[in-house]
Amino acid sequence: ELPETVLLKFFRPENTPVPARPTPEQLSNLIKTSLHYPESFSHPFHQKSLCLVPVTLLLSNCSQAVVDVMIDLRHKTTSPEALEIHGSFTWLGQTQYKLQLKSQEVYSLQLKACFVHTGVYNLGTPRVFAKLADQVTLFETSQQNSMPALIIINNI
């Protein structure tokens, strides 16, 4: 005698959560940045032509995921009105950084800004890009830029 054949029935619950892709808005808010520097800095330009100011770039991973971060210091403000107000300065040393931040990790990057004249400058030029570490994308999403970071350079 043959055993009785039983039909198997496969079913999938209707409300199975599909992993949601982060929206561009969420991807542009993975990393929060803040610059820490003196509000004003006095330097004897007649004795030493280059004024070096230490600046700390603080990067905070706001997500629960591991994030790949790329920092580019080569970006320059080129609009005439911005140059009139802020003038031009240079970041000394390495101009690009690649790092990985764990969930909720805060990373402190030490930078040096170099000035050759007195004036008011906007230090808010570093561009920060990020992507989720487990995502295979060719480019990172640009992170929301914070407010202008103005510093006053004085002559002693």
Side-chain angles (χ1 to χ4, degrees), residues 17-156:
V18 177
R21 281 186 66 101
T23 64
E25 173 72 15
Q26 289 169 319
L27 285 175
S28 68
N29 287 297
L30 291 172
I31 301 292
K32 183 177 176 290
T33 61
S34 60
L35 285 167
H36 298 270
Y37 56 93
E39 220 172 89
S40 67
F41 196 86
S42 296
H43 178 80
F45 282 99
H46 58 281
Q47 291 174 1
K48 218 170 162 192
S49 59
L50 295 181
C51 169
L52 303 182
V53 178
V55 177
T56 302
L57 174 60
L58 216 55
L59 303 151
S60 308
N61 181 353
C62 300
S63 75
Q64 298 297 322
V66 177
V67 176
D68 288 332
V69 183
M70 203 269 286
I71 300 116
D72 189 355
L73 299 178
R74 297 170 304 172
H75 181 62
K76 290 276 181 246
T77 309
T78 51
S79 64
E81 29 331 318
L83 285 173
E84 273 174 36
I85 304 165
H86 311 303
S88 184
F89 72 97
T90 305
W91 292 107
L92 282 191
Q94 193 173 331
T95 57
Q96 283 189 312
Y97 297 85
K98 281 185 188 270
L99 31 123
Q100 196 172 70
L101 297 183
K102 294 178 185 67
S103 165
Q104 306 291 309
E105 185 181 351
V106 177
Y107 185 83
S108 175
L109 190 60
Q110 302 305 316
L111 306 172
K112 278 212 184 317
C114 177
F115 306 90
V116 293
H117 299 291
T118 59
V120 178
Y121 296 87
N122 179 13
L123 295 176
T125 61
R127 293 188 20 214
V128 177
F129 302 91
K131 73 177 185 67
L132 297 173
D134 60 2
Q135 281 198 328
V136 184
T137 52
L138 294 174
F139 58 91
E140 291 93 350
T141 305
S142 181
Q143 299 302 287
Q144 297 276 327
N145 223 350
S146 51
M147 299 300 287
L150 300 181
I151 183 171
I152 301 164
I153 302 296
N154 298 305
N155 196 7
I156 297 177

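Being a predicted model, the structure only gives us computed values, none of them experimental.
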Exercise. Do you know which two heavy atoms are closest between L123 and P126, and how far apart they sit?
Worked result: O-CD, 3.2 Å
For this session: Could you tell me the separation between the CG atom of L150 and the CG atom of L35, rounded to the nearest 0.5 Å?
Result: 11.0 Å
Exercise. Less than 4.5 Å apart, any side-chain heavy atom of I151 and any of F115?
Worked result: yes
Exercise. For the side chain of D68 and the backbone of Q100, is there at least one donor-acceptor N/O pair under 3.5 Å apart?
Worked result: no
Exercise. Just by modelled atom types, is the L30 backbone N or O under 3.5 Å from a matching donor or acceptor in the Q143 side chain?
Worked result: yes
Problem set entry | Side-chain touch V69/Y97, heavy atoms, less than 4.5 angstrom | no
For this session: Please round to the nearest 0.5 Å and tell me the distance separating atom CH2 of W91 and atom OG1 of T125.
Result: 5.5 Å
Exercise. Are Q110 and T56 side-chain neighbours, meaning at least one heavy-atom pair lies under 4.5 Å?
Worked result: yes
Exercise. Tell me, do L59 and L99 make a side-chain contact under 4.5 Å, heavy atoms counted?
Worked result: yes
Exercise. Which value, rounded to the nearest 0.5 Å, describes the distance between L111 atom CG and L73 atom CG?
Worked result: 5.5 Å
For this session: Locate the shortest heavy-atom distance separating P54 from P38; write the atom from each residue and the value.
Result: O-CD, 4.0 Å
Exercise. Counting heavy atoms not belonging to H117, are there more than 12 under 6.0 Å from its NE2?
Worked result: no
Exercise. So how far is it from K98 NZ to F129 CZ, rounded to the nearest 0.5 Å?
Worked result: 10.0 Å
Result block: side-chain N/O donor-acceptor pairs under 3.5 angstrom for residues 43-50, not counting sequence neighbours:
| unit_1 | atom_1 | unit_2 | atom_2 | d |
| --- | --- | --- | --- | --- |
| H43 | NE2 | K48 | O | 2.8 |
| H43 | NE2 | L50 | O | 3.2 |

Seminar exercise, completed: Closest non-hydrogen contact found for S88 with Y121 is O-CE2, 3.4 Å
Exercise. Of all residues at least two apart in sequence or in a different chain, which pass the side-chain hydrogen bond (donor to acceptor under 3.5 Å, both in side chains) check with N61?
Worked result: S63
Exercise. Are V66 and D134 close enough that some pair of their side-chain heavy atoms sits under 4.5 Å apart?
Worked result: no
Exercise. Roughly how far apart are Q104 CD and C62 SG, rounded to 0.5 Å?
Worked result: 7.5 Å
Exercise. Do V53 and I153 have side chains that get closer than 4.5 Å, going by heavy atoms?
Worked result: yes
Exercise. Quick check: are there more than 12 heavy atoms from other residues, nucleotides or ligands sitting under 6.0 Å from CD of Q96?
Worked result: yes
For this session: Identify the residue among V55, T90, L92 that makes a side chain to side chain contact (heavy atoms under 4.5 Å, CB included) with K112.
Result: L92
Exercise. Excluding sequence neighbours, so at least two apart, what forms side-chain contact (heavy atoms from CB on, under 4.5 Å) with S42?
Worked result: N154, I156
Problem set entry | Nearest-0.5 Å distance, CZ of residue R127 to CZ of residue R74 | 8.5 Å
